[in-house]
Each structure stands twice: as structure tokens, then as C-alpha cells.
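These values consider heavy atoms only, across backbone and side chains, with no hydrogens, waters or symmetry-generated copies.
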Amino acid sequence: MLESGSSVLAGMKRNGIATDLPDAVLVSHFHGDHFGGIPYLYLEYTFVNNRDRPLTVAGPPGIEQRVCGLYSSLYGAIQCRDLPFELHYVEIEPGQSVELAGFRCEAFQVPHNAEPFSLGYRIESGQSSLLFSGDSAWTDEFVERSRGTGLFLCECCSMDPLIPLHSSYREILSRRSQLGCKRLLLTHLGEDVRAASGLEIERAYDGMVIEI
């Protein structure tokens, strides 16, 4: 699972995805819409869809403290219970590669206002690969990292550049020919991007299924 925002459980259930399907949750940075749903997964696996196999939660340094602190703030006494499944935390630094649930994940730092930093990931398994921007202003590192990938999931928070923390449609479109991915898909869509018509780049939507 890439990211886990607060609506993750509702989205999975709405789209008929088994909530215990993920073997690992990979987080790009510690903003609430990217990791705030992890405590709800713990509750789901404890009280609703009982989990009996390990779960790995990976992200920037401090991932265990941030997730456990959030869980404790939200659910206090419940957080003190022993979880009925093995839980492993993995800290990832820029430039580091880790193996998660059979996938090789190569991390790199991207420009965004997160502490300690925000990560993008190139993820590979067998002959398949994808690039995930996380939250990021446009960086030419996307050009290099996208080479040979089957899919680039690129954030797009606005049609035109607004602040140097996120990528915009105009920026992405102007650099699309430089990218080396087979397919480019816009995610983390701003309201103006969702409402726009006639876009030349494909947008993600809830329940979308892609085979790489």
C-alpha cells in the first residue's frame, strides 16, 4: 500500500478491496493525508478483520514514533493492547533501497515541506516497475528516475504553478516528452485539475485498476 490517508478503510470497502490485503504500507512523509489512516488499519485488524500475518510499515526516520504517537492520541487505552499480529517498522533514508513484500523500493528525497523530509520511490518487482512522486514540487530527478518504468504516479495539485511545494499540470505537461515511463498518471489531484476538461495527461480515479 502506497500511503494511508484517513479515508483508506472507507475507500477499500467501497471498492470491494479486502482490508487485510496489504503486507506492507509505504509512506512518503508525515503529513496526515499520507499516514493518518494507519491507526484505523490497526483497529480493523484487531476488532473487525482479524489479521494473523505480519504487517510492515515503512517510511522516513521516526515512522514508528509518529504512527504510535498518533494511534495513542486517537485511541489511548486501546493503543496499549497487544496487537494480534506481528508489526515491523522500517526506517528509510534517501538513497536507500529496501525489500518490502517482495518489492524492491528505492527511495530518493523530493522537494516538499515535510520533516525530516519527503520521499519519492521507484518500486520494482520482476520485470515491472513504477515511479511514485509522493508529494513534491517538480524536480528533474523525475526524468532520470522514470526511465524504463511502466508507470509514473505523479502528484498534480493544481493546473498552474501556485507554490513551490507541489507539481502543477502545466509543469508536468511541458516536461512530459522528457519522461521515460510507458504510462503517466496524475494523482493527488487539486479541485481545478479534477474539474478540467480536455487534459492531455490521464488522471487517476477512485477504484481505478492498472496492470503493469
Side-chain angles (χ1 to χ4, degrees), residues 1-93 96 98-105 107 110 112-121 123 125 130 132-136 153 155 157 166 185 187-191 194 204-210:
M1 176 183 287
L2 285 173
E3 317 285 42
S4 181
S6 58
S7 62
V8 63
L9 275 179
M12 294 177 79
K13 292 181 179 183
R14 182 173 60 249
N15 289 289
I17 300 170
T19 58
D20 64 348
L21 188 62
D23 290 313
V25 179
L26 181 60
V27 174
S28 65
H29 65 292
F30 300 134
H31 285 169
D33 54 326
H34 293 261
F35 87 108
I38 297 176
Y40 304 127
L41 293 177
Y42 293 175
L43 286 183
E44 174 81 1
Y45 299 155
T46 300
F47 298 108
V48 180
N49 191 354
N50 295 335
R51 187 183 185 98
D52 58 5
R53 71 183 197 281
L55 178 69
T56 299
V57 177
I63 182 74
E64 181 173 1
Q65 293 87 343
R66 293 297 295 268
V67 173
C68 290
L70 179 59
Y71 191 19
S72 180
S73 295
L74 291 171
Y75 292 107
I78 295 178
Q79 193 269 343
C80 296
R81 294 170 54 103
D82 290 332
L83 294 173
F85 56 92
E86 289 184 41
L87 180 59
H88 306 285
Y89 290 96
V90 176
E91 294 189 345
I92 305 175
E93 297 276 358
Q96 183 178 359
V98 298
E99 294 286 334
L100 297 173
F103 294 87
R104 179 178 177 270
C105 305
V110 297
H112 190 60
N113 63 333
E115 294 293 337
F117 40 71
S118 188
L119 294 173
Y121 296 104
I123 302 171
S125 179
L130 68 83
F132 176 59
S133 70
D135 272 10
S136 174
L153 297 172
E155 74 115 272
C157 278
H166 291 281
L185 188 65
T187 66
H188 205 291
L189 306 177
E191 184 176 354
R194 293 195 302 271
Y205 58 85
D206 288 348
M208 189 177 198
V209 177
I210 299 171

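P60 and L119 make their closest contact through CG-CD1, 4.1 Å (heavy atoms, listed as atom of the first residue, atom of the second, distance). A pairwise comparison of heavy atoms in R53 and L21 identifies NH2-O, 3.0 Å as the closest pair. Minimum interatomic distance between Y121 and G59 (heavy atoms only, all atoms of both residues): OH-CA, 4.0 Å. The minimum heavy-atom distance linking T46 with P84 is given by the pair OG1-CD, 3.5 Å. The two residues A24 and A101 make their nearest non-hydrogen contact at CB-CB, 4.1 Å. Contact detail for I63 and E91: the closest heavy-atom pair is CG2-CG, 4.0 Å.
Here OH of Y45 is found 11.0 Å from CG of L87. Values are rounded to the nearest 0.5 Å. The distance from the SG atom of C157 to the CG atom of L189 is 8.0 Å, given to the nearest 0.5 Å. We find the SG-CG distance between C105 and L130 to be 8.5 Å, quoted to the nearest 0.5 Å. L153 CG to L2 CG: the interatomic distance, rounded to the nearest 0.5 Å, is 7.0 Å. Note: E99 CD to T56 OG1 = 12.0 Å, rounded to the nearest 0.5 Å. To the nearest 0.5 Å, atoms OH (Y205) and OG1 (T187) are separated by 14.5 Å.
Put simply, the side chain of S73 gets close to the backbone of G69: a donor and an acceptor are under 3.5 Å apart. The closest donor-acceptor contact from the side chain of E155 to the backbone of S136 lies under 3.5 Å.
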**Message:** Using side chain to side chain donor-acceptor pair (under 3.5 Å), reason through E3 and S28 one step at a time and then give a plain yes or no.
**Reply:** CA-CA 7 Å; E3 317 285 42; S28 65; 2.6 Å; yes
**Request:** With side chain to side chain contact (heavy atoms under 4.5 Å, CB included) as the test, would you mind laying out the steps for F103 and L26 before giving the verdict?
**Result:** CA-CA 11 Å; F103 294 87; L26 181 60; over 6 Å; no
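Side-chain contact check for L41 versus R51: every heavy-atom pair is 4.5 Å or farther apart. Between R66 and V27 there is no side-chain heavy-atom pair separated by less than 4.5 Å. Residues L70 and I38 are not in side-chain contact: their nearest non-hydrogen atoms beyond the backbone lie 4.5 Å or more apart. The closest side-chain heavy-atom distance from L55 to V57 is below 4.5 Å. L74 is not listed as a side-chain neighbour of Y42, based on a closest heavy-atom distance of 4.5 Å or more. Side-chain contact between M12 and P22 is present, with at least one heavy-atom pair separated by less than 4.5 Å. For the pair Y71/L83, a side-chain contact is recorded, criterion being any heavy-atom separation below 4.5 Å from C-beta on.
Partners of R104 under the salt bridge (Lys or Arg N to Asp or Glu O under 4.0 Å) rule, at least two apart in sequence or in another chain, are E106, E124.
Applying the ring pair (Phe, Tyr, Trp, His ring centres under 6.0 Å) test to every pair with at least one member in residues 3-30, sequence neighbours left out, gives these pairs: H29-H31, H29-H34, H29-H112, F30-F35.
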